[in-house]
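Okay, so here's the structure we're looking at.
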Amino acid sequence: MARDLSKMTNIEDLRRVARRKVPKMFFDYVRSGSWTESTLHHNTRDFDPIKFQQRVLVDMTNRTLETTMIGETVKMPVAIAPTGFTGMMYADGEILAAKAAEKFGVPFSLSTMSICSIEDVAENTSKPFWFQLYVMRDREFMEDLIKRAKAANCSALILTADLQVLGQRHRDIKNGLSAPPKPTLLNMMDLALRPQWCWHMLHTKRRTFGNIVGHAKNVSDLSSLSSWTSEQFDPRLSWDDVARIKDLWGGKLIIKGIMTTDDAEKAAKSGADALIVSNHGGRQLDGALSTIKVLPDIVSAVGSQIEVWLDSGIVSGQDILKCIALGAKGTMIGKSFLYGLGAYGEDGVRRCLEILYTEMDTTMAFCGHTDIKKVGKEILVPGTY
């Protein structure tokens, strides 16, 4: 039965509850960035100077946020981003988030580094979801992942391009977050303070990386997983690999991790269906610009050739509307839905989506528009973006 979460009125409310309920190492994994976390913070702060223009005496009835992303009808221009360790925020987290997304009417993306497997999510949902691919040194394993995603009827493949090497994430190092997590005294004490989380985790069989264990060579349990993952992200990944991956996949392809116009132009020429302006939530290159700062130039360069979406830093429906006004055709949310998941499971993800929808819908109305597909820069104050 769905909980009454009406008092959760913004994403920050969900974040506070999740912080109480989720073990520190997993909560910090979601909220943190790399190094000084400068880019992490600018991802959200750089939305603030962008201001809306209010319009009055405009008929605000019959509003709609419905649009399409890579040809798929969506209730609003938002997709749930692929995130690792999702099933550690709440037991069976990927399944629950996928269910919430399906019921609400937005796409769900499953990470290679998910706790629930491709098959787990497919068995518990009825609508095709998207699968995100990390390119591994073990190319046979990578090709098998693509085959499994096709067998599960995934409708798009997201190629993450910005994780050839892993950014230094200080909070994760200090918390002993690894695969499997280090059972330090502090971590064990922290778990003891989260009995509800522990109860749910004890009652699921899904507590490891379901896409990897039992599928990759010589990885049959948690003890053999750590060494495998530390060696597998492939620093050799280049634009030359994109065509081969596209041929292996044979369906819609999305490239995630674009931050410059040069790379955007290469993505457009690659034959991909969409690119995602993303800095991995500030978890890779610290000191990089925020995604909203680079979005206008990328839209100007390739927006007529390929769908441009934005990921990283979105914490409100107003943020999403600003992205659309600046030319994005869609957005992706990571931290926002994870806070909802950690707080209340499937109900929390649903509430996250409701909050974003209401904020976007109301703001669009105040700006004098009733159709998200017709929103442009005219709703923004010149000189603030």
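Side chains are part of it too, since the values below use all heavy atoms of this structure and drop only hydrogens, waters and symmetry mates. Small disclaimer: the values here were computed from a predicted structure and weren't measured. Starting from 1, each residue takes its place in the sequence as its number.
Salt bridge status for R350 with E354: present, with a side-chain N to carboxylate O gap under 4.0 Å. Taking 4.0 Å as the cut-off between side-chain N and carboxylate O, D46 and K293 do not count as a salt-bridged pair. We find that K373 and E66 are not joined by a salt bridge, their nearest charged nitrogen and carboxylate oxygen being 4.0 Å or further apart. Here D234 pairs with R139 in a salt bridge; the nearest charged N to carboxylate O distance falls below 4.0 Å. Taking 4.0 Å as the cut-off between side-chain N and carboxylate O, D4 and R351 do not count as a salt-bridged pair. Using a 4.0 Å cut-off between charged nitrogen and carboxylate oxygen, D92 and K99 do not count as a salt-bridge pair. A salt bridge is defined here as a Lys NZ or Arg NE, NH1 or NH2 lying under 4.0 Å from an Asp or Glu carboxylate O, and E72 with K252 fails to meet this definition.
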Check against side-chain contact (heavy atoms from CB on, under 4.5 Å), V121 and F129:
CA-CA 9 Å; V121 175; F129 55 94; 3.6 Å; yes
Run T184 and N187 through side-chain hydrogen bond (donor to acceptor under 3.5 Å, both in side chains) and show every step you take.
CA-CA 5 Å; T184 65; N187 286 340; 3.1 Å; yes
Any chance you could lay out the salt bridge (charged side-chain N to carboxylate O under 4.0 Å, His left out) test for R206 and E94, step after step, and finish with the verdict?
CA-CA 10 Å; R206 303 177 182 95; E94 290 88 357; over 6 Å; no
What do the steps show when you test R19 against D28 for salt bridge (charged side-chain N to carboxylate O under 4.0 Å, His left out), and what is the final call?
CA-CA 9 Å; R19 186 174 186 176; D28 279 358; over 6 Å; no
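Residues D162 and N279 bring no donor and acceptor atom of their side chains to less than 3.5 Å of each other. For the residue pair D13/T9, the side-chain donor-acceptor check at 3.5 Å is satisfied. T260 and D262 share no donor-acceptor pair across their side chains, judged by distance under 3.5 Å alone.
Just one of I254, L253, V302, D263 meets the side chain to side chain contact (heavy atoms under 4.5 Å, CB included) condition when paired with L275; it is V302. Considering R169, R171, H42 in turn, R171 is the only one that fulfils the side chain to side chain donor-acceptor pair (under 3.5 Å) rule with E37.
Taking the ring centroids of H200 and Y90, they lie under the 6.0 Å cut-off. In this structure, F366 has its ring center no closer than 6.0 Å to that of F52. Side-chain rings of W130 and W249 stay apart, their centers remaining 6.0 Å or farther from each other.
Aromatic ring orientation, Y134 versus H280: parallel (interplanar angle below 30°, classes split at 30° and 60°).
For the pair K75 and F104, the distance from NZ or CZ to the six-membered ring centre is under 6.0 Å and the angle to the ring normal is within 45 degrees. Annotation: cation-pi geometry not satisfied between R148 and F131 (NZ/CZ under 6.0 angstrom from ring centroid, within 45° of ring axis).
Proximity of a side-chain donor or acceptor of E102 to a complementary backbone N or O of A98 within less than 3.5 Å is not detected. Q284 places a side-chain N or O within donor-acceptor distance of the main-chain N or O of G167, the cut-off being under 3.5 Å.
One hydrophobic cluster holds both F209 and L163 under the rule that ILVMFWY side chains link at heavy-atom gaps under 4.5 Å.
Around CZ of R137, the count of heavy atoms belonging to other residues, nucleotides or ligands within 6.0 Å exceeds 12.
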